[in-house]
There are 2 protein chains.
Amino acid sequence: MPVDNPAFDLDQVRRHCARCDLRDLCLPAGLDAADVERVDDIVADRTSLATGSTLYHAGSPFRALYVIKTGSLKTQAVSEGGELQILGFHLPGEIMGFDALAGERHQCSAEALEASSVCRLPYAELERICAAVPGLQRQFMRLVSREMGDDHDHMAMMGRNQAIARLALFLHSMSKRQTRLGRSADQLTLTMSRADLANYLGLVLETVSRLFGRLQEMGLIEVRRREIKILDREGLKSVGEC
Amino acid sequence: MPVDNPAFDLDQVRRHCARCDLRDLCLPAGLDAADVERVDDIVADRTSLATGSTLYHAGSPFRALYVIKTGSLKTQAVSEGGELQILGFHLPGEIMGFDALAGERHQCSAEALEASSVCRLPYAELERICAAVPGLQRQFMRLVSREMGDDHDHMAMMGRNQAIARLALFLHSMSKRQTRLGRSADQLTLTMSRADLANYLGLVLETVSRLFGRLQEMGLIEVRRREIKILDREGLKSVGEC
DNA sequence: CTCCCGCTTTGATGCGGGTCAAATGGCCGC
DNA sequence: GCGGCCATTTGACCCGCATCAAAGCGGGAG
């Protein structure tokens with residue numbers, strides 16, 4: 001599963017939360033140096049994932065949580081009837097695998113949308129040091145709570161029954177999430193296919209494609225393949241309100 | 001907010017997780033008697049809620065989590081454009097308020113669908129004893145994880161674009177959740193209005209009403225107002241698969 | 001460079017479900 | 001028991017999105 005690249009200075013990438021760009025977004029946020037060190041110690045490894053490779057499969061036993069370091073992933077569940085539903089797209093600093101806790105097994109699969117890397121956190125050890133480091137416990141809860149908030153945004157989006165409102169809301173929420181990472185709010189690089197996006201939004205891919213066209217004609221965005229530039233944030237927001 | 005009824009033996013209802021029917025579903029699950037006692041001690045109060053009354057409002061500061069003891073509630077969020085989205089229906093044993101942790105404020109409102117009661121868990125104290133009681137920490141995580149799983153079920157439902165599949169999936173998942181409570185799997189008493197249900201499913205209420213009719217004609221369920229009897233579980237399941 | 005394959009766009013058509021409208025039925029207060 | 005109100009059902013119409021089909025477009029392999 002881990003992809004080693006001997007030509008690369010692994011030590012720089014693999015170790016030390018203290019030097020990670022995401023430290024203020026991730027578990028170490030708010031901890032002092034000594035406690036960051038303790039988190040650092042339980043990170044089992046920092047795995048690289050190629051595009052399309054799977055971090056975990058639905059049904060496999062739960063051992064660890066993952067925090068995304070770079071790249072992006074999608075989570076998806078398959079119903080008994082074989083219907084696939086994409087549950088979310090996940091960006092750096094976000095925690096993954098939490099829905100497995102209740103049942104001891106992963107409830108969905110996670111797949112890399114581009115070359116990505118994640119930090120693996122064996123749950124047994126995380127649990128142990130959470131009890132010892134109160135600030136970590138709190139920050140962990142915040143991350144999980146943030147995931148839940150993202151899920152609620154997703155639901156609110158699926159609730160709109162104008163298709164164009166869904167797409168507008170999606171773009172708006174992606175833009176908002178990008179800013180959490182310190183990236184530009186107006187320049188999005190979508191890493192998922194139109195088919196993935198359509199599934200996520202509860203539409204078919206042709207509709208999504210047409211709607212990108214419509215939003216562009218309206219002067220709200222500029223589309224070039226998966227590169228999206230937001231030209232009129234307010235206008236986009238109002239389209240999102242049906 | 002708390003409704004006192006002096007004719008009722010409060011002590012029996014209000015205190016003692018040890019005697020609660022939900023103890024195996026709720027936070028005390030898996031704890032020994034001494035630890036259950038410690039959980040008991042931090043339960044600030046066991047509040048009664050009348051139909052339509054609000055447990056917490058979106059935007060209000062976060063202080064406590066709640067576990068439902070009896071009855072049912074809905075959570076809903078209002079977008080900036082004033083659009084309302086029902087995020088979930090919540091049954092006894094489920095934990096509420098968790099999505100507020102990330103932002104210090106409640107992100108959605110919670111309203112009782114019928115006469116209900118909840119146990120209030122001040123978060124600061126819960127955090128404190130979670131660190132001290134490892135089994136509690138774990139069970140707390142399980143409850144939160146279960147909430148997340150329910151949210152994912154909701155998304156999978158919204159993803160189906162056949163309206164009748166959504167309703168069938170909803171009925172199926174409610175039935176499943178009922179069984180967690182030891183209730184009959186085939187007899188549902190819906191506590192939400194058709195309008196609430198429609199909003200939850202991303203449909204309009206007329207459509208929901210017609211679909212109940214369709215499912216009844218198909219011999220899969222029996223509808224009488226909000227009382228639903230499931231006649232053909234397998235058939236219902238296959239309708240849910242589009 | 002060229003071929004080929006998968007992703008994306010664009011077009012034409014039909015139907016499911018939204019919308020507007022009105023009737024029915026239960027429940028509560030009086 | 002009666003009247004009024006709100007929840008729910010039922011009906012008619014029409015639009016938006018799914019469906020089916022085909023044409024661009026870009027990127028990777030050779």
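Order of the sequence lines fixes the chain letters, A, B, ..., with proteins taken first and strands second; residue numbering starts at 1 for each chain.
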Rounded off to whole Å, could you give me the [atom1]-to-[atom2] distance for the [X] and [N] pair?
X	N	atom1	atom2	answer
B/Arg194	D/dC6	CZ	C1'	14 Å
B/Leu215	D/dT9	CG	C1'	15 Å
A/Arg166	D/dA18	CZ	C1'	12 Å
A/Arg214	C/dT9	CZ	P	15 Å
B/Glu206	D/dC13	CD	C1'	13 Å
B/Arg224	D/dT9	CZ	P	13 Å
B/Asn199	C/dG17	CG	P	17 Å
A/Arg210	C/dA12	CZ	P	10 Å

Residue met sooner reading DNA chain C from 5', once B/Arg225 and B/Leu203 are mapped to nucleotides: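 Whichever sits nearer the 5' end wins; that is B/Leu203.
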
Would you mind checking if A/Asp196 and A/Arg226 are paired as a salt bridge, meaning a charged N to carboxylate O distance below 4.0 Å?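 No, no charged N to carboxylate O under 4.0 Å.
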
Where does the angle between the aromatic ring planes of [X] and [Y] fall among parallel (under 30°), tilted (30 to 60°) and perpendicular (over 60°)?
X	Y	result
A/His106	A/Phe62	perpendicular
A/Tyr56	A/Tyr66	parallel
A/Phe170	A/Phe89	perpendicular

Give a yes/no on whether any side-chain N or O of B/Ser193 is located under 4.0 angstrom from OP1 or OP2 of D/dA7. no

Do any side-chain nitrogens or oxygens of A/Ser209 fall under 4.0 Å of OP1 or OP2 in C/dT8? no

Nearest of C/dG18, C/dG17, D/dT8 to any side-chain atom of B/Arg226? D/dT8

